[in-house]
Asks: 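Take this structure first; my questions come after.
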Amino acid sequence: MTGFFSDLVFVQLRLVDLVERRLRADGGPEVSSYLPLLAIGRLEATRVQDLASELGVSVGGASKAVDRLEQAGWVKRKPHPEDRRSATVSLTASGRRQLAKASTSVAAALDEGLSLPETKRSQLDGALTQLREGLGT
(Lines give C-alpha, C1' and ligand atoms only; values in the text may rest on other atoms or scores of the structure.)
Protein backbone atom coordinates (compact mmCIF):
# COMPACT_ATOMS: atom_id res chain seq x y z
CA MET A 1 0.00 0.00 0.00
CA THR A 2 2.94 2.36 0.50
CA GLY A 3 3.70 1.96 -3.21
CA PHE A 4 0.19 3.19 -3.96
CA PHE A 5 0.75 6.25 -1.79
CA SER A 6 4.12 7.12 -3.32
CA ASP A 7 2.74 6.60 -6.85
CA LEU A 8 -0.25 8.82 -6.08
CA VAL A 9 1.97 11.60 -4.70
CA PHE A 10 4.39 11.28 -7.63
CA VAL A 11 1.56 11.52 -10.19
CA GLN A 12 -0.02 14.46 -8.36
CA LEU A 13 3.24 16.41 -8.25
CA ARG A 14 4.00 15.74 -11.91
CA LEU A 15 0.50 16.68 -13.04
CA VAL A 16 0.49 19.91 -11.01
CA ASP A 17 3.86 20.82 -12.54
CA LEU A 18 2.66 19.99 -16.05
CA VAL A 19 -0.55 22.00 -15.62
CA GLU A 20 1.30 24.90 -13.99
CA ARG A 21 3.77 25.11 -16.90
CA ARG A 22 0.94 24.98 -19.46
CA LEU A 23 -1.08 27.66 -17.67
CA ARG A 24 2.00 29.90 -17.48
CA ALA A 25 2.79 29.36 -21.18
CA ASP A 26 -0.80 30.21 -22.13
CA GLY A 27 -0.89 33.33 -19.95
CA GLY A 28 -3.31 31.82 -17.46
CA PRO A 29 -3.50 31.93 -13.68
CA GLU A 30 -1.47 29.72 -11.36
CA VAL A 31 -2.98 26.43 -10.22
CA SER A 32 -3.52 28.04 -6.80
CA SER A 33 -5.90 30.50 -8.47
CA TYR A 34 -7.36 28.12 -11.03
CA LEU A 35 -8.73 25.66 -8.47
CA PRO A 36 -10.71 28.30 -6.52
CA LEU A 37 -11.97 29.79 -9.81
CA LEU A 38 -13.13 26.34 -10.86
CA ALA A 39 -14.90 25.72 -7.54
CA ILE A 40 -16.56 29.17 -7.52
CA GLY A 41 -17.73 28.61 -11.07
CA ARG A 42 -19.20 25.26 -10.09
CA LEU A 43 -20.78 26.45 -6.83
CA GLU A 44 -21.94 29.91 -8.04
CA ALA A 45 -22.66 32.52 -5.37
CA THR A 46 -20.94 30.55 -2.65
CA ARG A 47 -19.77 31.56 0.80
CA VAL A 48 -16.06 31.49 1.64
CA GLN A 49 -16.60 28.73 4.23
CA ASP A 50 -18.31 26.57 1.57
CA LEU A 51 -15.42 27.23 -0.80
CA ALA A 52 -12.97 26.22 1.94
CA SER A 53 -14.81 22.95 2.39
CA GLU A 54 -14.87 22.30 -1.35
CA LEU A 55 -11.13 22.95 -1.67
CA GLY A 56 -10.13 21.19 1.55
CA VAL A 57 -8.42 24.29 2.96
CA SER A 58 -8.97 26.52 5.98
CA VAL A 59 -11.47 29.38 5.87
CA GLY A 60 -8.52 31.77 6.17
CA GLY A 61 -6.81 30.14 3.20
CA ALA A 62 -9.98 30.32 1.12
CA SER A 63 -10.48 33.95 2.13
CA LYS A 64 -6.94 34.85 1.00
CA ALA A 65 -7.55 33.07 -2.31
CA VAL A 66 -10.78 35.04 -2.79
CA ASP A 67 -8.90 38.25 -1.95
CA ARG A 68 -6.36 37.50 -4.72
CA LEU A 69 -9.10 36.64 -7.22
CA GLU A 70 -11.08 39.74 -6.29
CA GLN A 71 -7.98 41.91 -6.71
CA ALA A 72 -7.50 40.40 -10.19
CA GLY A 73 -11.11 41.29 -11.01
CA TRP A 74 -12.16 37.65 -11.48
CA VAL A 75 -14.63 37.38 -8.58
CA LYS A 76 -16.89 39.70 -6.66
CA ARG A 77 -18.31 39.56 -3.16
CA LYS A 78 -21.89 40.52 -2.42
CA PRO A 79 -23.73 40.56 0.90
CA HIS A 80 -25.39 37.20 1.59
CA PRO A 81 -29.15 37.57 1.09
CA GLU A 82 -30.02 35.71 4.32
CA ASP A 83 -26.97 36.14 6.57
CA ARG A 84 -25.87 39.71 7.18
CA ARG A 85 -22.55 38.55 8.65
CA SER A 86 -21.64 36.67 5.50
CA ALA A 87 -20.99 37.37 1.82
CA THR A 88 -21.29 35.34 -1.35
CA VAL A 89 -18.56 35.05 -3.93
CA SER A 90 -19.24 34.68 -7.64
CA LEU A 91 -17.32 34.95 -10.90
CA THR A 92 -17.25 38.21 -12.82
CA ALA A 93 -17.47 38.20 -16.62
CA SER A 94 -13.67 38.47 -16.66
CA GLY A 95 -13.44 35.55 -14.22
CA ARG A 96 -15.67 33.39 -16.44
CA ARG A 97 -13.44 34.16 -19.44
CA GLN A 98 -10.30 33.42 -17.41
CA LEU A 99 -11.80 30.15 -16.16
CA ALA A 100 -12.78 29.05 -19.67
CA LYS A 101 -9.34 29.88 -21.07
CA ALA A 102 -7.55 28.20 -18.16
CA SER A 103 -9.79 25.11 -18.36
CA THR A 104 -8.81 24.69 -22.01
CA SER A 105 -5.13 24.88 -21.02
CA VAL A 106 -5.63 22.40 -18.16
CA ALA A 107 -7.45 19.95 -20.44
CA ALA A 108 -4.65 20.18 -23.00
CA ALA A 109 -2.00 19.59 -20.32
CA LEU A 110 -3.90 16.58 -18.97
CA ASP A 111 -4.36 15.16 -22.47
CA GLU A 112 -0.61 15.47 -22.93
CA GLY A 113 0.31 14.10 -19.51
CA LEU A 114 -2.22 11.30 -19.10
CA SER A 115 -1.39 8.86 -21.83
CA LEU A 116 -4.31 6.59 -20.95
CA PRO A 117 -7.16 5.31 -23.09
CA GLU A 118 -10.51 6.99 -22.41
CA THR A 119 -11.89 3.94 -20.55
CA LYS A 120 -8.94 3.96 -18.15
CA ARG A 121 -9.24 7.73 -17.62
CA SER A 122 -12.93 7.32 -16.84
CA GLN A 123 -12.16 4.54 -14.35
CA LEU A 124 -9.44 6.64 -12.75
CA ASP A 125 -11.81 9.62 -12.50
CA GLY A 126 -14.41 7.44 -10.78
CA ALA A 127 -11.87 5.98 -8.37
CA LEU A 128 -10.51 9.41 -7.44
CA THR A 129 -14.04 10.71 -6.87
CA GLN A 130 -14.70 7.80 -4.52
CA LEU A 131 -11.43 8.43 -2.68
CA ARG A 132 -12.23 12.13 -2.31
CA GLU A 133 -15.72 11.39 -1.01
CA GLY A 134 -14.36 8.75 1.34
CA LEU A 135 -11.81 11.14 2.80
CA GLY A 136 -14.47 13.81 3.36
CA THR A 137 -13.64 17.37 4.28
Side-chain angles (χ1 to χ4, degrees):
M1 199 60 161
T2 57
F4 166 78
F5 176 73
S6 65
D7 286 348
L8 195 58
V9 170
F10 178 86
V11 168
Q12 181 237 348
L13 292 172
R14 289 294 171 112
L15 284 177
V16 168
D17 183 56
L18 185 66
V19 167
E20 190 77 60
R21 282 187 278 125
R22 182 62 178 252
L23 285 169
R24 196 173 319 125
D26 293 348
E30 295 179 349
V31 170
S32 63
S33 292
Y34 173 71
L35 292 174
L37 277 175
L38 186 63
I40 294 166
R42 187 172 47 248
L43 299 172
E44 256 327 300
T46 187
R47 297 176 308 156
V48 170
Q49 53 264 43
D50 299 326
L51 179 62
S53 178
E54 178 73 14
L55 295 173
V57 298
S58 69
V59 171
S63 184
K64 286 179 185 176
V66 169
D67 289 344
R68 283 193 316 273
L69 297 175
E70 191 174 33
Q71 193 170 32
W74 297 339
V75 302
K76 63 183 173 195
R77 294 180 205 239
K78 292 190 321 190
H80 192 282
E82 298 165 7
D83 181 359
R84 299 178 95 160
R85 298 170 295 155
S86 188
T88 60
V89 181
S90 56
L91 295 176
T92 62
S94 176
R96 281 191 293 280
R97 286 190 301 274
Q98 188 64 238
L99 176 59
K101 178 182 173 188
S103 292
T104 299
S105 297
V106 170
L110 293 177
D111 284 344
E112 177 186 319
L114 294 175
S115 55
L116 295 171
E118 187 55 41
T119 55
K120 291 273 189 197
R121 283 179 77 164
S122 181
Q123 290 171 345
L124 179 59
D125 185 42
L128 290 172
T129 298
Q130 283 182 312
L131 282 172
R132 182 178 176 144
E133 289 170 357
L135 291 170
T137 54

Asks: For Arg121, check salt bridge (Lys or Arg N to Asp or Glu O under 4.0 Å) against everything at least two apart and list the hits.
Replies: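 Checked Arg121 against salt bridge (Lys or Arg N to Asp or Glu O under 4.0 Å); matches are Asp111.
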Asks: Which side-chain N or O atoms in residues 91-100 pair as donor and acceptor under 3.5 Å with protein atoms at least two apart or in another chain?
Replies:
unit_1	atom_1	unit_2	atom_2	d
Thr92	OG1	Gly73	O	2.6
Thr92	OG1	Trp74	O	3.3
Thr92	OG1	Ser94	N	3.4
Thr92	OG1	Gly95	N	3.0
Arg96	NH1	Leu91	O	3.2

Asks: Taking the side chain as every heavy atom from C-beta outward, state whether Leu51 and Val66 have any atom pair closer than 4.5 Å.
Replies: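 They are in side-chain contact.
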Asks: If Ile, Leu, Val, Met, Phe, Trp and Tyr residues are connected whenever their side-chain heavy atoms lie under 4.5 Å apart, and connections chain through other members, are Leu55 and Leu69 in the same group?
Replies: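 Yes: a chain of side-chain contacts under 4.5 Å links Leu55 to Leu69.
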Asks: Please list, chain by chain and in numerical order, all residues satisfying side chain to side chain donor-acceptor pair (under 3.5 Å) with Ser105, sequence neighbours excluded.
Replies: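 Per chain and number, Ser105 pairs via side chain to side chain donor-acceptor pair (under 3.5 Å) with Asp26.
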Asks: Please list, one pair per line, the donor and acceptor atoms closer than 3.5 Å that link side chains of residues 8-17 to other protein atoms, with sequence neighbours excluded.
Replies:
unit_1	atom_1	unit_2	atom_2	d
Asp17	OD2	Arg21	NE	3.1
Asp17	OD2	Arg21	NH2	3.1

Asks: Nearest heavy-atom pair of Ala45 and Ser90: which atoms, and what distance?
Replies: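 Heavy atoms of Ala45 and Ser90 come nearest at N-CB, 3.9 Å.
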Asks: In chain order, what residues pass the side chain to side chain donor-acceptor pair (under 3.5 Å) check against Gln123, with sequence neighbours excluded?
Replies: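 So Gln123 forms no side chain to side chain donor-acceptor pair (under 3.5 Å) with any residue.
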Asks: Once salt bridge (Lys or Arg N to Asp or Glu O under 4.0 Å) is applied, what residue pairs with a partner in residues 99-109 remain, sequence neighbours excluded?
Replies: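 Counting only pairs at least two positions apart or across chains, no salt bridge (Lys or Arg N to Asp or Glu O under 4.0 Å) contact touches residues 99-109.
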Asks: With Thr129, which residues qualify under side-chain contact (heavy atoms from CB on, under 4.5 Å), at least two apart?
Replies: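 Scan of Thr129 (side-chain contact (heavy atoms from CB on, under 4.5 Å), adjacent residues dropped) gives Asp125, Glu133.
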Asks: Check whether Val75 and Val59 end up in the same hydrophobic cluster, where Ile, Leu, Val, Met, Phe, Trp and Tyr are linked by side-chain heavy atoms less than 4.5 Å apart.
Replies: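 The answer is yes; both residues are in one hydrophobic cluster.
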Asks: Could you pull out the closest heavy-atom pair between Val89 and Val48, with the gap in Å?
Replies: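 Smallest interatomic distance, heavy atoms only, reads CG2-CG2, 4.0 Å.
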Asks: What pairs with Ala109 under side-chain contact (heavy atoms from CB on, under 4.5 Å), at least two apart in sequence or on another chain?
Replies: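 side-chain contact (heavy atoms from CB on, under 4.5 Å) check on Ala109 returns Leu18, Val19, Arg22.
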Asks: Can you name the residues that form a salt bridge (Lys or Arg N to Asp or Glu O under 4.0 Å) with Arg68, not counting sequence neighbours?
Replies: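 Arg68 satisfies salt bridge (Lys or Arg N to Asp or Glu O under 4.0 Å) with no residue once adjacent residues are dropped.
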Asks: Roughly how far, to the nearest 0.5 Å, is CD1 of Ile40 from OG1 of Thr88?
Replies: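 Output value for this atom pair is 10.5 Å.
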Asks: Taking atom CD of Gln71 as the centre, does the number of heavy atoms from other residues, nucleotides or ligands within less than 6.0 Å exceed 12?
Replies: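 Result for CD/Gln71: open.
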Asks: To the nearest 0.5 Å, how far apart are OG in Ser33 and CG in Leu38?
Replies: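 If I round to the nearest 0.5 Å, the distance is 12.5 Å.
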Asks: Report the residues that fulfil salt bridge (Lys or Arg N to Asp or Glu O under 4.0 Å) with Glu30, sequence neighbours left out, ordered by chain and then residue number.
Replies: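 For Glu30 there are no salt bridge (Lys or Arg N to Asp or Glu O under 4.0 Å) partners, ignoring immediate neighbours.
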Asks: Under the salt bridge (Lys or Arg N to Asp or Glu O under 4.0 Å) test, which residues partner Asp7, sequence neighbours left out?
Replies: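 Once residues adjacent in sequence are excluded, Asp7 has no partner under the salt bridge (Lys or Arg N to Asp or Glu O under 4.0 Å) criterion.
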Asks: What residues form a side chain to side chain donor-acceptor pair (under 3.5 Å) with Ser103, not counting sequence neighbours?
Replies: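 If we apply the side chain to side chain donor-acceptor pair (under 3.5 Å) test to Ser103, skipping adjacent residues, the hits are Tyr34.
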Asks: Which value, rounded to the nearest 0.5 Å, describes the distance between Leu23 atom CG and Glu20 atom CD?
Replies: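 Rounded to the nearest 0.5 Å, the CG-CD separation comes to 6.5 Å.
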Asks: Just how far is it from atom CZ of Arg77 to atom OG of Ser63, taken to the nearest 0.5 Å?
Replies: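 If we round to the nearest 0.5 Å, Arg77:CZ and Ser63:OG are 5.0 Å apart.
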Asks: Do Leu116 and Leu131 belong to the same hydrophobic cluster, where Ile, Leu, Val, Met, Phe, Trp and Tyr are linked whenever their side-chain heavy atoms lie under 4.5 Å apart, directly or via other members?
Replies: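 Yes: a chain of side-chain contacts under 4.5 Å links Leu116 to Leu131.
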